[in-house]
Novice: 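The structure follows.
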Number of protein chains: 2
Amino acid sequence: MTTQLTHISELIQTQGYRLTAAREAIITALVQTGGHVSADELVEIVHQAAPQVGRMTVYRTLDLLCELGCLRPVYQGTGAAHYILFADGHHHHLVCRLCEKVVEFDECLLRELEERIGRRFNFAIEGHLLELYGLCGDCQGRDAVG
Amino acid sequence: MTTQLTHISELIQTQGYRLTAAREAIITALVQTGGHVSADELVEIVHQAAPQVGRMTVYRTLDLLCELGCLRPVYQGTGAAHYILFADGHHHHLVCRLCEKVVEFDECLLRELEERIGRRFNFAIEGHLLELYGLCGDCQGRDAVG
DNA sequence: CTCTGTGCAAAGGATTTGCACTACG
DNA sequence: CGTAGTGCAAATCCTTTGCACAGAG
């Protein structure tokens, strides 16, 4: 966990950005949540440790992390974007289309696919998000009824 | 293409929803685009064929299709959500984290994974979205420079 | 010391309500 | 006919600017 914080901090400096107190607080909070929050939730959490950090600094830092390739915004249901950390370069979701429940899983056999596609389209692949959609156990009956 | 329109129309009726003129117009427009539009763009297109259809009917129909499992909103860059049709139950993107360029590809070896994960978590998997992130050819040099 | 990063408040969009009307089935 | 679906406009919510100040390097 602390490793991840360190990794991101170094990435920021390596890329020529400044490692400010606000950014540290935000990244710490983000890592702490496991990387699965809306901007708003993150603001809340950051404020517990660093009340002076403003909402837009959070937005801007999230933007920066996206640009650095270690974060990604996703739409889960509607409303605010959720941000997910690419801890190991990938992330996997199982999403119920009715109740919007989200389960994470780790199974990954996409390394090979990444390489093949990257080569074909001349992309330097850095990670991926895989989302499987369907009905969770609870909603399977519900759907049949209508 | 027409097949897809028929498929969705039947899905709507099967699930007990009404197939209205507005919905037909919206779905026609959606299929026509290949399923890769923002709500706003779709409103434009729908208006060409059916000017009386309102913006929120488009939003509500998109919502309905998401619920039915044949559509999915994704965030590409920032701003408006983009909607993608699950033509064959899956969709694959290659996204550049700097210029936000999006390439679609078809390679799919996830059937087996779907089954395994579905069984493990008791989900009825209906489709998936796979997004690979990285740097496109144009941005690879740009990134090194900083 | 310089320039990037920050914070505030107000602007800018996209999406969602509430309610009377229309039309599917 | 009854009810689900529609359309409008106003409301709401998330996110982005503009600008003066503070702190990293």
Side-chain angles (χ1 to χ4, degrees), chain A residues 8-30 37-47 49-68 71-84 100 145-146, chain B residues 8-30 37-47 49-68 71-83 100 146:
Chain A
I8 297 176
S9 302
E10 283 172 2
L11 190 56
I12 286 180
Q13 294 177 303
T14 301
Q15 296 297 307
Y17 296 99
R18 292 183 181 169
L19 185 60
T20 63
R23 284 180 178 166
E24 275 191 297
I26 293 166
I27 297 167
T28 300
L30 185 61
V37 273
S38 65
D40 218 53
E41 289 162 355
L42 191 58
V43 169
E44 291 288 309
I45 298 170
V46 169
H47 275 181
Q52 79 288 359
V53 173
R55 185 194 267 52
M56 48 282 326
T57 301
V58 172
Y59 276 113
R60 284 189 276 224
T61 301
L62 289 173
D63 253 23
L64 175 61
L65 295 184
C66 288
E67 201 179 293
L68 293 176
L71 190 71
R72 196 70 205 173
V74 300
Y75 240 158
Q76 288 183 346
T78 211
H82 276 230
Y83 291 85
I84 58 180
E100 299 285 351
V145 181
Chain B
I8 297 175
S9 302
E10 284 172 1
L11 190 57
I12 287 181
Q13 293 177 304
T14 301
Q15 296 297 308
Y17 296 99
R18 292 183 183 170
L19 185 60
T20 64
R23 283 178 179 169
E24 275 190 297
I26 293 165
I27 297 166
T28 300
L30 185 61
V37 273
S38 66
D40 216 53
E41 288 162 356
L42 191 57
V43 169
E44 290 288 308
I45 298 170
V46 169
H47 274 181
Q52 79 287 1
V53 174
R55 185 196 269 47
M56 47 276 335
T57 301
V58 173
Y59 276 113
R60 284 187 278 223
T61 301
L62 289 173
D63 254 23
L64 176 61
L65 295 184
C66 289
E67 202 179 291
L68 292 176
L71 190 70
R72 197 71 206 173
V74 301
Y75 240 157
Q76 290 183 347
T78 210
H82 276 230
Y83 291 85
E100 299 284 351

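Letters A, B, ... are given to chains in the order of the sequence lines, protein chains preceding strands, and every chain is numbered from 1.
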Novice: Check whether any side-chain heavy atom of B:I8 lies under 4.5 Å from a side-chain heavy atom of B:L68, and answer yes or no.
Specialist: no
Novice: Once you round it to whole Å, what is the distance between P of D:dG5 and CD1 of B:I27?
Specialist: 12 Å
Novice: Per the side chain to side chain contact (heavy atoms under 4.5 Å, CB included) rule, which among B:V58, B:L71, B:V46 passes with B:L30?
Specialist: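 In the set B:V58, B:L71, B:V46, the residue that makes a side chain to side chain contact (heavy atoms under 4.5 Å, CB included) with B:L30 is B:L71.
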Novice: On a heavy-atom basis, which atom in B:T57 and which in B:A22 lie closest, and how many Å separate them?
Specialist: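 Heavy atoms of B:T57 and B:A22 come nearest at CG2-CB, 3.9 Å.
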Novice: Keeping A:R23 on the side-chain end and A:R18 on the backbone end, is there a donor-acceptor pair under 3.5 Å?
Specialist: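 Flag set: sc A:R23 to bb A:R18 pair under 3.5 Å.
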Novice: D:dG7 C1' sits how many Å from B:I26 CD1, rounded?
Specialist: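 From B:I26 CD1 to D:dG7 C1': 12 Å.
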Novice: Does any part of the side chain of A:Y17, heavy atoms only, come nearer than 4.5 Å to the side chain of A:L64, both counted from C-beta?
Specialist: yes
Novice: Ignoring hydrogens, what is the shortest heavy-atom contact between B:I26 and B:V53? Give both atom names and the distance.
Specialist: CD1-CG1, 4.0 Å
Novice: Kindly compute the distance separating CZ (A:R72) from CG (A:L65), expressed to the nearest 0.5 Å.
Specialist: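 So the gap between those two atoms works out to 13.0 Å.
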Novice: So how far is it from A:E10 CD to A:Q13 CD, rounded to the nearest 0.5 Å?
Specialist: 7.5 Å
Novice: To the nearest 10°, let me know how far the axis at one end of the helix from C:dC1-D:dG25 to C:dG25-D:dC1 is tilted from the axis at the other, five pairs an end.
Specialist: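 The two end axes of the helix from C:dC1-D:dG25 to C:dG25-D:dC1 meet at 60°.
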Novice: Work out which heavy atom in A:V74 is nearest to a heavy atom in A:I84; give both atom names and the distance.
Specialist: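 So the two residues come closest at CG1-CD1, 3.9 Å.
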Novice: In whole Å, what is the span from the NE2 atom of B:H47 to the C1' atom of D:dG7?
Specialist: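 My rounded result for the distance is 10 Å.
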Novice: Return a single string for nucleotides 11-18 of chain C, one symbol per nucleotide in 5' to 3' order, where B is base contact, S is sugar-phosphate-only contact and - is none, cutoff 4.0 angstrom on heavy atoms.
Specialist: ---SBB--
Novice: Quickly work out the A:E24 CD to C:dT6 C1' distance and round it to whole Å.
Specialist: 15 Å
Novice: Ignoring hydrogens, what is the shortest heavy-atom contact between B:S9 and B:L19? Give both atom names and the distance.
Specialist: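 In this case the closest contact between B:S9 and B:L19 is CB-CD2, 3.9 Å.
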Novice: Looking at B:A29 and B:I45, what are the two nearest heavy atoms and their distance?
Specialist: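 That would be CB-CG2, 3.7 Å.
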Novice: For nucleotides 20-25 of chain D, read 5' to 3', which letter fits each nucleotide if B means a protein heavy atom sits under 4.0 Å from the base, S means only the sugar-phosphate is that close, and - means neither?
Specialist: ---BBS
Novice: For A:L42 and D:dT15, give me the distance from atom CG to atom C1', rounded to whole Å.
Specialist: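 Atom-to-atom, A:L42 to D:dT15, this comes out as 15 Å.
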Novice: Round to the nearest Å and state the distance from A:E44 atom CD to D:dC14 atom P.
Specialist: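 One finds 12 Å between P of D:dC14 and CD of A:E44, rounded.
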